[in-house]
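The structure appears below as structure tokens.
Per chain, numbering begins at 1; letters A, B, ... match sequence-line order. As a basis for the values below, the full set of heavy atoms in this structure was taken, side chains included, without hydrogen atoms, waters or symmetry mates.
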2 protein chains.
Amino acid sequence: MTIAEEDYLKVILKLELAQEELHARVTTNQVAEVIQTKPSSVTDMLKRLKEKSLVDYIKYKGIKLTGAGRKQALCLIRRHRLWETFLVEKLGLSWKTVHPVAEQLEHVHSDELLERLDEFLGHPAFDPHGEPIPNGEGKLPGCDGELMTTVKAGKNYTFMGIKEPTDTLLSYLDKIKLNIGSIFHVQDVEAYNGSVELEMGGKVCFLTYDVANKLVVKVNEKHENKN
Amino acid sequence: MTIAEEDYLKVILKLELAQEELHARVTTNQVAEVIQTKPSSVTDMLKRLKEKSLVDYIKYKGIKLTGAGRKQALCLIRRHRLWETFLVEKLGLSWKTVHPVAEQLEHVHSDELLERLDEFLGHPAFDPHGEPIPNGEGKLPGCDGELMTTVKAGKNYTFMGIKEPTDTLLSYLDKIKLNIGSIFHVQDVEAYNGSVELEMGGKVCFLTYDVANKLVVKVNEKHENKN
DNA sequence: AATTATTTTTAGATTAATCTAAATTTATTT
DNA sequence: AAATAAATTTAGATTAATCTAAAAATAATT
Ligand SMILES: [Mn+2]
Ligand SMILES: [Mn+2]
Ligand SMILES: [Mn+2]
Ligand SMILES: [Mn+2]
């Protein structure tokens, strides 16, 4: 697998997941747009990926990953997000700067390295941008989490991840010190507009419905009786 | 800088340093041998590197790195050895397995990453194979160290690095638990054959002249009066 | 349904990195 | 000093990855 091939597979998977209409095929131009290349270059690469049975590509009809292609893509996303976690958690780089570095590190091939890194980081479920890290079997975590808009007043939760992370949202969360892993208590959910009032380490903060609707949380059974 | 270009520069530097006759030019075949490629491929690459002023290459006469080329090569060696140190010290991989992984990691470009990694590792001077790690300015450490054959009985030393590391030597040192950074006391130096007797953590061990002659050590002033 | 616009593919070129086979230069022996 | 051997370079091909310009297929409008 070359670096370019891996990058194409990753982009195709991300486009499949982001697709409006489910099961719609990814198009040549979509890929070209994301990879920042010409559609003709994409066509060339698709032929090669088809040859290797990594994509199901039909001329003029679009692309879909095969099982093998999906597996490769998930592995690459896993490597990317584990490295980002390492760079932020261990080396103290900012989440704003780690992406291009992880974009290179993700292409280092070593199963043992990946296992040890995962262990070293404590098997994280989310990267510093709040994006879920696929596990060794390629399963995405956080499917058992709920959005903060479904939260109940009086209960305790852990902040797990972010649905569609954007730089502005991440900066906002930085500012109000709501970090992944934070445990908080829901004081109130305003019925009128869905805004959420929560308490965290003694401090109170308010989130609008739109923000709460991007945050993945999990009920914290252990802290349930904290009130 | 492509990965191939970087690898060539690194190999050329290593050949220059290992050269018997000082100032002799590195040859096309030497490079081909190490890179495991054909001499004609080396010639092609040398033309490209010359074009970029990274090597001083004269047809049929051999190669020498320019200042810029040497700087690049030292930077690559620095990255390689810092990553090897990380893999062994932090992730717990064996020094026997880290080389091919570092061979990939060394090509990740990020000045900030490199600085932070160096800091995270505590600015190590030697990698897990006992090879010196060039500092940010490309200077090699350990030039102030001495070989263990020049050691004096009754003094304390720190084991700094290895002159020409081989797998068998490293395995031997592993076995007798003589690790880089170890502090030891020289009990005796046998005048007859130059073998060294040293004490380390209560245990005594003997080294032949040939082994001692590969080990770089530094007098440990602070422990001088330990006797 | 015909025309126009958009998307996608093909054809032909380019660059880095490699190879094989042949030619050339340098080194070593007779 | 020739002749032979070894090292090195050139010539010509190949593959991955990209590009531009032109052709073909599909989609959207009149
Ligand atoms: Mn990438
Ligand atoms: Mn991320
Ligand atoms: Mn390398
Ligand atoms: Mn090493």
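- Heavy-atom distances to DNA chain D give each of B/Pro39 and A/Ala4 a nearest nucleotide, and the one nearer the 5′ end belongs to B/Pro39.
- Heavy-atom contacts of chain A under 4.0 Å fall on DNA chain D between two terminal nucleotides, which in 5' to 3' order are D/dA16 to D/dT26.
- Sequence order on DNA chain D of the closest nucleotides to A/Tyr60 and A/Glu5 puts A/Glu5 first from the 5' end.
- Residues A/Asp210 and A/Thr208 have side chains that never bring a donor and an acceptor to within less than 3.5 angstrom of each other.
- No donor-acceptor contact under 3.5 angstrom links the side chains of B/Asp127 and B/His80, judged on distance only.
- No hydrogens or angles considered: nothing links the side chains of B/Glu89 and B/Thr85 as a donor-acceptor pair under 3.5 Å.
- Taking atom CE of residue A/Met45 and atom P of nucleotide C/dT8, one finds them 18 Å apart after rounding to whole Å.
- Here A/Asn29 reaches the OP1 or OP2 of C/dT8: one of its side-chain N or O atoms lies under 4.0 Å away.
- Atom P of nucleotide C/dT26 and atom NZ of B/Lys59 are separated by 10 Å, given to the nearest angstrom.
- You'll find the side chain of B/Leu215 reaches within 4.5 Å of the side chain of B/Phe159, heavy atoms only.
- For the pair A/Ile58 CD1 and C/dT9 P, the computed distance is 11 Å after rounding to whole Å.
- Within 4.0 Å (heavy atoms only), A/Ser40 reaches at least one base atom of the nucleic acid.
- Using a 3.5 Å distance cut-off with no hydrogens or angles, the side chains of B/His99 and B/His129 do not pair a donor with an acceptor.
- Backbone-only contact: A/Thr28 has heavy atoms under 4.0 Å from sugar-phosphate atoms and none from a base.
- Remark: of the listed residues A/Val151, A/Thr158, A/Leu147, A/Val151 is the sole one forming a side-chain contact (heavy atoms from CB on, under 4.5 Å) with A/Val217.
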